[in-house]
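These numbers were taken from a predicted model, which means no experiment stands behind them.
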Amino acid sequence: MKKIIYILSLFLFTNASAVNYTMEDFEFYTEACKRNQFVSCSHLAIIYEENKLVKQDPKKAEKLYIKACGGGDAFACHNVAVIYGKSTNEALKKISLKFYEKACRAGYPDSCIHMGRHYRDTKTLLQDYTKAREFFQIACDLNSRHGCKEVRIIDGADYDGYH
């Protein structure tokens, strides 16, 4: 049952921009989030980001995503990573990778692809094709065609240092 709810949540979040929230939804998600229903906190964060029902409040959305991520919501962890990754603060950019990894390991394939690209494409000492492949494989295992394609590319590529 938990897996079905998770899959439905992923579907809803993937199509979140298509969701037309109402004030009734806002009130429901507000109360549910207070009771630590973490998916509800993510929905509430979307409402605060979209500026449709309430005044747009990116900081409040960020706090809600962090709360939901702490409760194991992979979508929320991914969004925290995106927010931090866009920062001009290098420390936050570095922290964003921890959130991408957490989202990936919690089952959010887009975060796995991001991590794989990070390890594959960086031109620093952190470049690691083995780790890149690991993250792409996780995405593939989560039924991401893009993740599977990246695994095939790495497996067929002749990268220096990749064995």
Exercise. Hey, mind stepping through H114 and D110 against side-chain contact (heavy atoms from CB on, under 4.5 Å) and telling me if it holds?
Worked result: CA-CA 6 Å; H114 182 87; D110 290 352; over 6 Å; no
Exercise. Does K59 have any salt bridge (charged side-chain N to carboxylate O under 4.0 Å, His left out) partners at least two apart in sequence or in another chain, and if so, which?
Worked result: E62
Measure across [X] and [Y] and return the closest heavy-atom pair with its distance rounded to 0.1 Å.
X	Y	result
C112	A139	CB-CB, 3.7 Å
Y129	I154	O-CD1, 4.2 Å
K67	N36	CE-OD1, 3.1 Å
L142	C104	CD1-O, 4.3 Å
S40	C33	CB-N, 4.0 Å
A68	A76	CB-CB, 3.5 Å

Exercise. From R133 CZ over to I138 CD1, what is the distance, rounded to the nearest 0.5 angstrom?
Worked result: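 So the CZ of R133 and the CD1 of I138 are separated by 11.0 Å.
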Problem set entry | Gap separating the OG1 atom of T30 from the CZ atom of R35, nearest 0.5 angstrom |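 These two atoms lie 10.5 Å from each other.
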I'd like to check the side-chain contact (heavy atoms from CB on, under 4.5 Å) partners of [X]; sequence neighbours left out, ordered by chain and number.
X	answer
R145	none
K102	C69, C77
E101	R105, M115, F135
E27	none

Problem set entry | For F38, the rest of its hydrophobic cluster, which grows through side-chain links under 4.5 angstrom |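 Cluster partners of F38: none, it stands alone.
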Table please: side-chain donor-acceptor pairs of residues 89-100 below 3.5 Å, with sequence neighbours left out.
| unit_1 | atom_1 | unit_2 | atom_2 | d |
| --- | --- | --- | --- | --- |
| N89 | OD1 | A91 | N | 2.7 |
| N89 | OD1 | L92 | N | 3.2 |
| S96 | OG | K93 | O | 2.5 |

For this session: Quick one: list whatever passes side chain to side chain donor-acceptor pair (under 3.5 Å) with K34, sequence neighbours left out.
Result: E31
For this session: Using the test side chain to side chain donor-acceptor pair (under 3.5 Å), find all partners of T22 that sit at least two apart in sequence or belong to another chain.
Result: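 Expected list: D25.
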For this session: Could you list all the salt bridge (charged side-chain N to carboxylate O under 4.0 Å, His left out) pairs where at least one residue sits in residues 38-47, not counting sequence neighbours?
Result: none
For this session: Test side-chain contact (heavy atoms from CB on, under 4.5 Å) on I46 and Y29 and set out the steps.
Result: CA-CA 11 Å; I46 292 167; Y29 293 134; over 6 Å; no
Exercise. Can you tell if the side chain of K60 reaches within under 4.5 Å of the side chain of L44, non-hydrogen atoms only?
Worked result: no
Cluster link [X] to [Y], ILVMFWY, side chain under 4.5 Å:
X	Y	answer
V82	Y108	no
Y119	I153	no
Y21	L64	yes

Problem set entry | From CA spacing to verdict: side-chain contact (heavy atoms from CB on, under 4.5 Å), C41, D73 | CA-CA 9 Å; C41 298; D73 185 348; over 6 Å; no
For this session: Could you walk me through whether R117 and R120 pass side-chain contact (heavy atoms from CB on, under 4.5 Å), step by step?
Result: CA-CA 5 Å; R117 286 179 178 162; R120 182 193 64 201; 3.7 Å; yes
Exercise. What ring-ring contact (aromatic ring centres under 6.0 Å, His included) pairs are there with at least one residue in residues 47-67, not counting sequence neighbours?
Worked result: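 For residues 47-67, and leaving out neighbouring residues, the ring-ring contact (aromatic ring centres under 6.0 Å, His included) pairs sorted by first residue read F26-Y48.
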